[in-house]
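Along the sequence shown, the residues carry numbers beginning at 1.
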Amino acid sequence: MEHQITIEEAGESLLSCAAFLAENIKSSDGHAEAMKEIIPRYLAKNAVDLAAEFANSVADPFTRDRLLVLVAEKCAAIDDDEYAVQLVESIEDFGTRAQANEKLAVQKSLKGEFAKALEYAETLAHADDVFGDIAAHQIEAGDEVAALKTLSRIEFPNAKVVALQNIAHQYLQKGETARAVELLDQAAAAANEIEFTEEKVRALIDLGNHFIEARENGRAIEKFDQAKTAAETLDNQHRDLFLTNIALGFLRAGTLELADRTLDLITDNAQTASTLLGYSHHFRAQNEPDEAAETLEEAYAILKSQKDRDVRDSRGRYNLWATIAIEFARIEKPDRAVEIAQEIIDETAQTTALSNIAQVCAMQSKDQSARQSLNGIADDAQKMFALIGISDAKVQTEKTDEALNYLREAENLSETVPQLASRSAALNELARRFQGLGDAAKARQLLHENLELIPTIRDESSRAVALAQLSDFYEQLNYELNDAEKEILQTLVRQAGG
């Protein structure tokens, strides 16, 4: 097998060594997984030829084509257009090839090369989204005449609605509200032409939210009302989700009465609870803590009362349960937050809840509650990452000494984590944070420890991925490999058959 990375290169560079190891992985799945990590890093260095060779070495045609899209997109970004076209032509799947051409057009639009972007768009069977992107960038460049001409080429009403809203959003950001509202009105007219009900409802909800942003609450309420009327005709799983977004839109537009009427139309308990959670967010943002707490309790009670036979999505239900628990911490009810989190029977969702509650409590200087939440996490790897999160919270509140203490605790815990890939990832994160807090010596030590750890990872793909990820941190922190570290790489190369 011909290698793109020489033995000498692999012994001198972390990323080169990772690529060399990946080239030697015999499992096609493992090889593909490693290359998905490695190729973007070479693209970041503009090494498109090497990245293309790596992509072509992947056995799975679907993964290969996806990776070639990334390389072609990068070529367009660095103006190697001829090579970009060659790579696109080598993509086997017709749909993926069309997607690649679309990305080339978007890259040229992003760079302000509108003629080239339009040229790529001409090759597409369905170019509406690209025309919308080009028009948005033409507005950024200050050429509204060209933008409107490009918009006129959009055929499908839904794509026109999206494009007009994106441009209106730009005018809102520039403070040109009147012009933004004109464009939103045009988008609303286009929305009336959408035939597919779900697309129309989605467009009307987006329009309502943009009108709120423009402080046109009356127009927003009108759009949400149209969306509600259309959503009520649906009899599929999307109906309740649309009604949730409509209810929350009414609430943000200032009409609790219409929001509640819409809420009453929702049939799924989990979706009702999700809507009430949104109410609670809104009340908290409006500095109405009693209403936020009351609504959140109602959301929790409704979710908990749901019968197993009525659950449409177990994972979604547990994630919503976790989010409700976290929101209790945000409204400064940490004991209730932990209590609800500990009732979650899904371990992943429970850990997510407890970890986030700990961080929220740390931000609020409720350290005892943060510790209580942390102690509820059974898995050492997850507890270690939670400690890193708490340290981040302390950094945000400018409590550097406390942040360092939590980092040291996480470092001690990392030694007990049996999953070597998790330990490697944690050592990277710990190093970056110690560096950020001024302890460069500790950061350098941890990265060296990680390099010593990686050869002990048994899975070939995980080993190559860990090495590639470690290379990011050496580069970000401007660390050079010393002779002992190069020896580790050379040993890895020998073990791989180099």
Side-chain angles (χ1 to χ4, degrees), residues 102 105-122 124 126-196 198-230 242 245-246 248-255 258-259 282 285-286:
E102 185 172 323
V106 168
Q107 275 297 326
K108 290 302 169 185
S109 171
L110 184 64
K111 292 169 66 67
E113 299 175 24
F114 302 122
K116 193 72 176 178
L118 289 167
E119 183 182 323
Y120 282 126
E122 300 289 353
L124 299 170
H126 304 289
D128 282 356
D129 290 341
V130 174
F131 288 140
D133 182 86
I134 293 169
H137 284 112
Q138 287 171 326
I139 289 291
E140 279 186 16
D143 193 347
E144 183 174 316
V145 173
L148 293 177
K149 182 179 179 181
T150 304
L151 280 176
S152 70
R153 303 183 65 175
I154 297 176
E155 296 179 2
F156 290 97
N158 191 46
K160 184 165 290 188
V161 172
V162 172
L164 285 165
Q165 287 186 100
N166 287 339
I167 293 174
H169 181 69
Q170 289 190 41
Y171 278 112
L172 285 172
Q173 288 185 317
K174 293 189 290 186
E176 298 180 36
T177 305
R179 183 59 179 139
V181 170
E182 288 178 19
L183 291 164
L184 290 175
D185 283 335
Q186 291 179 35
N192 291 330
E193 299 174 16
I194 298 174
E195 295 181 1
F196 188 48
E198 292 186 18
E199 286 186 356
K200 176 175 280 190
V201 172
R202 193 175 290 112
L204 288 167
I205 291 170
D206 287 344
L207 278 165
N209 288 323
H210 275 104
F211 275 122
I212 290 174
E213 188 181 356
R215 301 181 185 276
E216 290 283 346
N217 287 3
R219 280 186 170 96
I221 289 169
E222 177 187 326
K223 296 306 149 197
F224 290 130
D225 195 50
Q226 290 176 12
K228 179 171 78 71
T229 300
F242 283 141
N245 289 323
I246 293 163
L248 295 176
F250 278 134
L251 184 65
R252 291 178 59 231
T255 172
L258 291 179
H282 176 78
Q286 297 297 313

Arg252 and Asn217: side chain donor to acceptor below 3.5 Å: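 Looking only at side-chain atoms, Asn217 and Arg252 do not form any donor-acceptor pair under 3.5 Å.
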Going by atom types only, do Tyr120 and Glu113 share a side-chain donor-acceptor pair under 3.5 Å?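 The answer is no; no qualifying pair exists.
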Take the angle between the ring planes of His169 and His210 and call it parallel below 30°, perpendicular above 60°, tilted in between.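 Because their plane-to-plane angle is over 60°, the rings of His169 and His210 count as perpendicular.
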[X] and [Y] ion-paired at < 4.0 Å:
X	Y	answer
Arg219	Glu216	yes
Lys174	Glu140	no
Glu195	Lys200	no

To the nearest 0.5 Å, what is the distance between [atom1] ([X]) and [atom2] ([Y])?
X	Y	atom1	atom2	answer
Thr177	Glu213	OG1	CD	9.0 Å
Glu222	Leu204	CD	CG	9.5 Å
Ile134	Ile154	CD1	CD1	9.5 Å
Asp133	Lys108	CG	NZ	13.5 Å
Phe211	Asp206	CZ	CG	12.0 Å

Side-chain donor/acceptor of [X] to backbone N/O of [Y], under 3.5 Å:
X	Y	result
Thr229	Asp225	yes
Gln170	Ala136	yes
Asp128	Ala159	no

Verify side-chain contact (heavy atoms from CB on, under 4.5 Å) between Glu144 and Tyr171, making sure each step is shown before the conclusion. CA-CA 11 Å; Glu144 183 174 316; Tyr171 278 112; 2.3 Å; yes
Shortest non-hydrogen contact between [X] and [Y], atoms and distance:
X	Y	result
His137	Ser109	ND1-OG, 2.8 Å
Phe250	Lys228	CE1-CD, 4.3 Å
Ala253	Ile212	N-CD1, 3.8 Å
Ala191	Val161	N-CG2, 3.4 Å
Phe131	Thr150	O-CG2, 3.3 Å
Ala135	Ile167	CB-CD1, 4.0 Å

Taking it one step at a time, do Val201 and Ile205 satisfy side-chain contact (heavy atoms from CB on, under 4.5 Å)? CA-CA 6 Å; Val201 172; Ile205 291 170; 3.8 Å; yes
Any side-chain heavy-atom pair of [X] and [Y] under 4.5 Å:
X	Y	result
Leu251	Thr255	no
Leu124	Glu102	yes
Leu183	Gln165	no
Leu184	Leu164	no
Phe114	Gln138	yes

Does the side-chain contact (heavy atoms from CB on, under 4.5 Å) test come out yes or no for Phe242 and Glu198, once each step is laid out? CA-CA 9 Å; Phe242 283 141; Glu198 292 186 18; 4.0 Å; yes
Going by the side-chain contact (heavy atoms from CB on, under 4.5 Å) test, name the single residue among Asn245, Leu207, Asn209 that passes it with Phe224.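 With Phe224 as partner, Asn245, Leu207, Asn209 yield a single side-chain contact (heavy atoms from CB on, under 4.5 Å), made by Asn209.
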Output, in order, the C-alpha distance, side-chain angles, deciding distance and verdict of side-chain contact (heavy atoms from CB on, under 4.5 Å) for Ile139 and Asp143. CA-CA 5 Å; Ile139 289 291; Asp143 193 347; over 6 Å; no
